[in-house]
Structures are given as C-alpha cells and as structure tokens.
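Report on the following structure.
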Amino acid sequence: MEPRPKSGPYMAIVLAAFCILTCRPTILDSGMVSTSSPEIFIDAAADSGLDFHHENGASGHYYFCEIVGSGCAFFDFDNDGDLDVYLVQSGSADAVPEQDAPMDKLYRNDGVLDQGVFRLSFTDVTASSGIKASGYGMGVATGDVDNDGFTDLYLTQFGANSLWRNMGDGSFQDITEQAGVNDLRWSTSAAFFDYDLDGFLDLFVVNYTDFRLTNNKDCVNEGELDYCGPLSYQPITDSLFRNRGDGTFENVSGPAGFLNSPSTGLGVVCADFNNDGWQDIYVANDKKPNHLWLNLGDGRFENDALFRGNALDAQGLAEASMGVDAADFDNDGDDDLFMTHLAGETNTLYVNDGKGYFKDYSVNTGLGPASFAFTAFGCAFLDIDNDGWQDIISVNGAVKAVESLKLNNEPFPYAQSDQLFQNKNSSFTEISHKASILALPTVSRGLAIGDVDNDGDADALVNDNNGQVRLLINQVGQNSNWLGIRISGSGRRDMLGTRLAIHRLNLPTQWRRVRTDASYLSANDPRILIGLGESPDFESVTVFWLDGSVEQWTDLPANQYSTLVKGGGTEPSLDIP
C-alpha cells in the first residue's frame with residue numbers, strides 16, 4: 001500500500017498520545033535493552049585509540065553556540081585504502097586561543113589484518129599534519145578541490161572558517177586567504193559539489209544566525225536560564241563559492257541568487273533532485289522554511305521548496321530542522337529526503353515523485369511517531385544489514401534542559417538516547433533495542449557514516465557535545481553479501497555527484513550517489529556500499545557521470561571493493577579485502 005502523508009489539524013495531539021503509549025523514554029535503563037539478539041553496534045573508540053573528548057566550554061552565560069556543535073569526518077587523507085578520522089573541537093567561546101587550548105584532531109587509521117580480521121588502531125597525527133584549528137569549531141567538509149588526488153578539508157566555525165590543502169605527504173597547508181573562502185559569520189555545515197559541471201568541486205557554506213557574544217540574550221526554560229533558540233537572533237544568508245580551477249574560488253552568492261534569502265541553516269545535502277542533470281542544494285533551516293535550491297544550469301539557483309513540497313511539514317509548519325540526508329530509500333530511482341527535528345515535532349521523510357516534487361510520508365512509514373520525544377541532529381541513510389534496503393540512524397540530544405536530568409543534578413542535562421530504524425520494503429521499524437550502545441544517554445551532534453574496518457558494512461562515527469567520541473562498529477552487515485565501489489576520475493579524485501544503478505535479476509534496481517556531504521556538520525565515506533543480501537549475484541553496474549556520459553560494468557567481484565575509472569577502466573583497489 002502506498003503510504004499517505006500526515007495531515008489534519010489535530011495530528012500533533014494524535015502523535016503526542018501515540019508517543020505516550022509507544023515511544024521510548026529519553027533515557028533507557030539498561031534493564032530495558034533486549035539481550036536476546038546480537039548487538040548491531042559495538043563502540044570501538046577507546047580500544048582503537050580514539051581518545052577525543054569534545055568540550056563546549058559551557059560558561060554559565062548560555063552562549064548559543066555552546067549547544068550546537070560539533071561535527072566529524074571519515075576520509076582517507078593518506079590514500080592507503082582505509083578511513084581516517086577528523087574530529088572538530090570547540091573549547092571556550094569567549095577565551096583568547098592559547099597554545100594549549102583544545103583543538104581539532106586528525107587520527108590516522110593504522111589498522112592491520114590479523115588472521116583475517118582487521119584490527120582497528122588509530123594514531124593522533126594532528127601535530128605532524130600541521131593542522132592548527134583552535135577556534136570555536138562547528139563542522140567539516142571533505143573534497144579534492146585541486147584534483148591532485150588527495151582529499152582536502154574545509155572547517156566551519158563560530159568565527160573564521162578555513163580551507164586546508166592536503167599536500168599528499170601527510171601534511172596540510174592553510175590556503176584560506178589565497179583561495180578566498182573565508183567567512184567570519186557563524187557557519188555550520190558545508191558541502192563540496194560541482195554545480196557548474198566544469199570538473200572542479202565548488203563549495204556551499206551554510207550559515208546560522210547573527211548571534212555574537214556581544215548580543216547574547218538571556219532566555220528562560222521553566223523559569224531558569226537556558227539556551228536560546230534560532231528565532232532569538234537575526235537569520236543570515238548562505239554562501240556559494242565557485243572553484244576557478246586555479247586554486248582560488250569566487251564568491252558567487254549574489255549572482256547565484258542566495259543573498260535575498262536569509263535563514264537559519266544547519267544541515268545541507270546536494271543532489272539532482274529533479275533529475276535534470278544539474279546538482280541542486282537542499283538546506284535544513286532551524287524553525288524557518290527549508291530551502292530547495294534548484295540549479296537552473298546557467299549559474300543561478302531558485303528556491304522552489306514551498307512549491308515542491310519540502311519547505312514545511314504536512315501541517316504547513318516550519319520545523320526545527322537540523323540534520324538532513326538524501327537517498328533512494330524506496331528503490332524507485334530518485335533521491336528522497338530525511339530530516340531531524342526538535343522534541344515535540346517529528347523527524348520527517350519527504351518522498352520524491354521522480355520529478356522533484358515531495359510529500360511528507362513520516363507517519364505511515366513509522367518514522368514520525370517514534371521520533372516525537374527526541375531532539376535529533378546527525379542522521380544518515382545506511383543499509384545496516386546489507387539486505388538492499390537503506391535503513392536510518394539518527395543521533396539525539398536536547399537543546400533545552402531535560403527536567404528529569406536537572407532533578408538528578410546532572411551538570412549538562414541534555415542527554416538522550418539515539419535511534420535506529422530498519423527499512424523493510426519502504427516501511428520502517430525502530431530496532432534501537434538491538435544496539436544497546438545507542439541507549440546510553442548522550443548529547444549527540446555530528447554523525448559520519450563509512451566502512452572504517454573495510455569489512456563491507458556501514459559503521460558510524462559520533463561526536464557528542466561535551467562528551468567522548470564514539471566509533472560504532474557494525475556487527476551484522478558482514479553476514480550478507482555486498483559490493484563496494486569507489487568512483488574515480490583523473491588523479492583518483494572521487495567523482496562527487498555521480499549516480500550508480502545496480503541491476504539485479506527479478507529484484508529492484510538499487511540507486512546510489514557518490515557524496516561526502518549530508519548528516520549534520522559532518523563528512524562521510526565517499527565509497528559506495530551496496531547490500532546484496534543472501535546472493536552475491538548481480539547483472540551489472542551502470543555509472544551516470546555528471547557530464548552526461550554513461551558506462552556499464554558487468555564483471556565486478558562481490559564482497560570486495562573495486563575502483564571504477566571514468567573512461568571504462570578499473571584500478572586495483574587499495575582497500576583491504
């Protein structure tokens with residue numbers, strides 16, 4: 001049966017009643033977690049050497065920026081075939097940066113094969129990398145901006161942003177000023193994508209509000225001081241930087257059409273939503289209508305979200321949008337949207353009709369009511385069990401103090417449990433109880449997805465606000481067959497925006513998009529993972545390049561990674577089988 005959109009003036013009351021009966025509480029007691037089935041995730045951060053602790057510098061002034069960050073990234077900075085980790089730090093918003101202030105960290109993956117098992121081990125290489133990011137950090141975006149085959153980093157902050165060029169020898173160089181991509185406003189998420197199809201990655205930067213320490217307001221929750229929301233400050237505009245191809249960028253925000261639409265952006269994802277061959281931009285705005293910037297193909301963008309059905313929810317309300325991801329969850333050939341929201345709202349699933357028009361299908365798919373009690377940030381589509389259907393993970397943490405935690409004298413009373421939803425033929429069932437690590441109360445923010453141990457299933461990296469990093473290793477996906485693909489052009493550059501169709505006999509075609517963006521303040525593994533289920537057989541993989549050309553591969557091996565090169569070739573995979 002086709003799901004129906006949520007509607008009706010009393011839907012909020014219905015959802016509230018539903019949650020009273022069915023939603024999990026904010027904090028799960030360990031006795032409530034089922035032990036009858038294998039754990040989906042285990043946390044390997046401590047054992048593997050990821051010792052990062054995020055500090056938000058909570059000052060007692062309730063500076064707005066303290067409750068928002070921070071992000072993280074999976075990326076292969078040294079091109080050795082395994083995913084390294086970047087973690088964004090914040091620190092103190094009103095302190096002068098000092099030499100010993102907490103900074104972002106880069107961890108190199110030094111995992112090795114041991115009797116057929118990949119043993120994870122991370123080494124902190126921040127000092128040798130030359131990266132010195134000691135400002136109040138927010139997010140990270142990854143992409144090869146100069147087509148030299150090495151992935152570069154763009155860092156957003158409550159303050160000055162920065163672009164770090166990967167020199168290919170383990171070190172990075174700050175090229176912000178010469179590249180022309182600085183922004184002194186409060187930036188959150190960012191995305192690399194090729195909007196003009198010239199072969200060079202452009203940069204879109206999402207900005208939040210005009211909050212500054214000098215205009216900090218006192219906001220009240222239940223009679224006590226607490227963090228303000230976005231409507232307490234003026235919205236600001238987002239930025240588009242065009243890559244000139246010579247190491248510099250041009251700020252084209254004005255001619256592209258972005259300067260007349262200030263808002264409160266937190267999340268961003270780029271994809272061809274209306275299937276016209278041009279990469280579009282979708283921005284998740286906090287308590288403001290979301291933006292769907294359709295690429296007109298002549299350097300201009302037009303916000304068509306209201307007409308296309310994904311500016312507001314089914315009741316016509318603007319929600320507190322934080323995280324966002326786009327994927328073809330129903331295997332019908334177009335990218336749908338999933339968004340995270342504030343407690344008292346619901347997370348939202350917008351279904352694409354194939355022409356870039358969307359409907360809110362949150363309730364009938366099972367995603368809406370289950371999220372009503374949570375404030376969610378990072379989110380992602382991922383095929384957790386490699387059955388060919390993309391599931392959803394969302395990581396949660398309040399922005400207003402939780403009363404029960406205040407009564408328990410918790411010093412930072414904003415923790416909630418996280419959620420995992422299994423996709424069965426386009427309908428979702430919450431299976432969070434099968435991953436007890438998700439039940440631990442945390443103030444989760446950034447979430448990145450990638451196969452960090454190269455065993456063919458999706459793992460997760462979570463950067464918790466004012467907490468310890470978590471590395472969630474998938475324990476169930478390797479029980480099914482899979483296909484791993486890296487898409488490359490000249491210089492082994494990941495061809496972001498490229499679409500793949502995986503054809504299988506008598507089964508739905510699976511569609512995937514090469515990307516590093518989406519979620520919240522974070523960057524993902526650009527490689528493609530396709531779950532094949534019980535059978536390793538598939539007919540072919542068709543690659544739709546951004547320049548309009550199409551190529552097909554029929555002889556790729558299952559249960560290992562292959563690199564597909566534009567022009568019809570393949571490369572020996574560096575990835576550990």
Side-chain angles (χ1 to χ4, degrees), residues 69-79 84-90 97 103-106 125-126 129-196 198-208 238-253 256 258 265 268 270 281 446 448 491 493-494 496 515-517 521-524 526:
S70 283
C72 53
F74 276 136
F75 75 125
D76 184 6
F77 84 89
D78 51 3
N79 280 354
D84 310 298
V85 165
Y86 192 88
L87 293 162
V88 179
Q89 184 60 275
S90 297
M103 294 191 296
D104 296 7
K105 284 193 175 184
L106 173 65
V125 295
T126 312
S129 75
I131 298 175
K132 296 180 180 179
S134 58
Y136 201 89
M138 283 287 130
V140 53
T142 59
D144 182 5
V145 301
D146 50 5
N147 290 353
D148 66 350
F150 291 92
T151 304
D152 310 300
L153 293 171
Y154 187 76
L155 307 178
T156 64
Q157 297 196 37
F158 172 65
N161 299 338
S162 57
L163 176 62
W164 293 85
R165 183 190 176 200
N166 188 337
M167 304 304 291
D169 59 1
S171 69
F172 289 77
Q173 180 182 6
D174 186 350
I175 61 169
T176 312
E177 294 305 321
Q178 66 194 71
V181 291
N182 197 4
D183 197 323
L184 299 178
R185 299 174 296 170
W186 183 2
S187 300
T188 51
S189 294
F192 284 110
F193 74 127
D194 186 3
Y195 83 89
D196 52 3
D198 66 349
F200 290 92
L201 291 178
D202 310 297
L203 174 64
F204 189 80
V205 180
V206 177
N207 297 308
Y208 195 23
D238 300 328
S239 300
L240 177 64
F241 297 93
R242 184 180 69 83
N243 191 336
R244 294 188 177 104
D246 60 359
T248 67
F249 289 75
E250 177 187 4
N251 189 334
V252 294
S253 307
F258 295 103
V268 64
C270 300
I281 306 167
R493 180 177 72 88
D494 294 299
L496 304 185
R515 57 75 182 270
T516 59
D517 60 5
L521 308 178
S522 300
N524 300 289

Applying side chain to side chain donor-acceptor pair (under 3.5 Å), can you list everything that pairs with [X], at least two apart in sequence or on another chain?
X    : answer
N161 : Y154, S187
S70  : H54, S90
E250 : R242

query: Angle class for the W186/Y208 ring planes (parallel below 30°, perpendicular above 60°, tilted otherwise)?
result: perpendicular
- request: Determine, step by step, whether S162 and W164 satisfy the side-chain hydrogen bond (donor to acceptor under 3.5 Å, both in side chains) criterion, reporting the C-alpha distance in whole Å, the side-chain angles of both residues, the deciding distance to 0.1 Å, and the verdict.
  value: CA-CA 7 Å; S162 57; W164 293 85; 3.0 Å; yes
Partners passing ring-ring contact (aromatic ring centres under 6.0 Å, His included) against [X] (at least two apart in sequence or in another chain):
X    : value
Y195 : F301
Y86  : none
F249 : none

Identify the heavy atoms of [X] and [Y] that sit nearest to each other, and give their distance.
X    : Y    : value
L163 : L153 : CD1-O, 3.3 Å
D238 : V206 : OD1-CA, 3.5 Å
R165 : D148 : NH2-OD2, 3.8 Å
T142 : A73  : CG2-CB, 4.2 Å
F193 : F204 : CE2-CB, 3.9 Å
S134 : M103 : CB-CG, 3.6 Å

Pairs where [range] contributes a residue and the test salt bridge (Lys or Arg N to Asp or Glu O under 4.0 Å) is met, not counting sequence neighbours:
range            : answer
residues 150-159 : none
residues 166-184 : D183-R185
residues 129-142 : none

Please list, chain by chain and in numerical order, all residues satisfying side chain to side chain contact (heavy atoms under 4.5 Å, CB included) with [X], sequence neighbours excluded.
X    : answer
N251 : F241, S253
D517 : A191, V269, C270, R513, R515
Q178 : I175

task: Please say which of V145, L203, T248 ends up in a side chain to side chain contact (heavy atoms under 4.5 Å, CB included) with V181.
output: L203
- request: Say whether, by atom type as modelled, one donor and one acceptor occur between the side chain of N243 and the main chain of L201 under 3.5 angstrom.
  value: yes
